[in-house]
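Residues take their numbers from the sequence shown, with the count starting at 1. Values below: all heavy atoms of this structure, side chains included; hydrogens, waters and symmetry mates excluded. Values in this document were obtained by computation on a predicted structure and should not be read as measured data.
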Amino acid sequence: MKNNQSYFSGIGCAIKSLTTGLGVTLKEYFLPKSTEQYPENRKTTLHVSKRHRGRLVFKRDDNGAYKCTACTLCEKACPNGTITIKFEMVTDPETGKKKKQLIDYQYDLGDCMFCELCVNSCNFDAIEFTNDFENSVFDRNQLSLHLDKEVYQGGSLPELIDGGAPMTIGKFNTKTK
């Protein structure tokens, strides 16, 4: 008799689970959807979160100088060797002390996992991720960037840094360019 009870209670649990899943599906079916017309109307309708990690860039001060001191903490924190830093030791003429001088900061965007460990390990707040995601190229070698040699101006859509267009849920974003 006990086996029959467990058999029928199993069927009851299965029906309860099925109705729960169907309830969630029906609820999602009737919620309003948001459709972005990409890439045709990306300048007026594209919304990207400010916290999206799309590309690593150097932070620069008002004079255009970067804050990187070639300490190599970001290179050591990178789990798959995306960052390669070349530096040389120079003697400061005023104090006579040796310090590192950055020669090349190479970042391979194609191998990056976007984990942000490099940004978290930087003690000098010299690098950050932007939400610029349009980085497609035909040649993989073009994804190898030299951050110390370039000045990032905001990519192809500079308004994305601020989040782009406001997110509207429940209607189709079909504004024209």
Measuring from Lys86:NZ to Gln106:CD, what's the distance to the nearest 0.5 Å?
6.5 Å
Test item: side-chain donor near acceptor, Tyr152 and Asp132, under 3.5 Å
yes
Where Leu147 and Leu56 come nearest, the two heavy atoms and their spacing
CD2-O, 3.5 Å
Which pair of heavy atoms, one from Val119 and one from Ile127, lies closest together, and at what distance?
CG1-O, 3.7 Å
Under the salt bridge (charged side-chain N to carboxylate O under 4.0 Å, His left out) rule, collect the residues that match up with Lys149, sequence neighbours excluded.
Asp104
Going from CG on Leu26 to OG1 on Thr19, what distance comes out if it is rounded to the nearest 0.5 angstrom?
11.0 Å
Main-chain N/O of Ala65 paired to Asp61 side chain as donor or acceptor, under 3.5 Å
yes
Membership question, hydrophobic clusters at under 4.5 Å side-chain separation (ILVMFWY): are Leu102 and Val57 in the same one?
no
How about Asn141 and Ser144: does a side-chain donor come under 3.5 Å of a side-chain acceptor?
no
Without swapping roles, check the side chain of Ser17 against the backbone of Cys13 for a donor-acceptor pair under 3.5 Å.
no
Can you confirm whether Asp139 is buried at CG, in the sense that more than 12 heavy atoms of other residues, nucleotides or ligands lie under 6.0 Å from that atom?
yes
Main-chain N/O of Gly110 paired to Asp108 side chain as donor or acceptor, under 3.5 Å:
yes
Look at the side-chain heavy atoms of Ile, Leu, Val, Met, Phe, Trp and Tyr, link any pair under 4.5 Å apart, and say whether Ile103 and Met89 land in one connected group.
no
Would Glu88 and Lys100 pass as an ion pair if we require N to O under 4.0 Å?
no
Okay, side chain of Ser9, backbone of Ser6: is any donor-acceptor separation there less than 3.5 Å?
yes
Do the side chains of Val137 and Leu145 join up, straight or via other hydrophobic residues, at under 4.5 Å, putting them in one cluster?
yes
Which heavy atom of Ile83 sits nearest to which heavy atom of Cys118, and what is that distance?
CD1-CB, 3.7 Å
Please verify the inter-ring angle class for Tyr66 with Phe58; under 30° counts as parallel, over 60° as perpendicular, anything in between as tilted.
tilted
Is there a side-chain contact (heavy atoms from CB on, under 4.5 Å) between Asn131 and Arg51? Walk through the geometry before answering.
CA-CA 7 Å; Asn131 58 356; Arg51 65 182 177 185; over 6 Å; no
In Å and rounded to the nearest 0.5 Å, what is the NZ to CG distance from Lys27 to Leu22?
14.5 Å
Nearest-0.5 Å distance, CZ of residue Phe114 to CZ of residue Arg53
10.0 Å
Any non-hydrogen side-chain atom of Lys99 less than 4.5 Å from a side-chain atom of Val90?
yes
Non-hydrogen atoms of Tyr107 and Leu109 that approach each other most closely
OH-CD1, 3.3 Å
Side-chain donor-acceptor pairs under 3.5 Å in residues 67-79, sequence neighbours left out?
none

Pair Thr91, Lys97 - check side-chain contact (heavy atoms from CB on, under 4.5 Å), show working.
CA-CA 6 Å; Thr91 305; Lys97 294 182 179 180; over 6 Å; no
Flag side-chain contact, heavy atom, 4.5 Å: His146 against Asp148:
yes
Does the Arg55 side chain pair with the main chain of Thr130, one donor and one acceptor, at a distance under 3.5 Å?
no
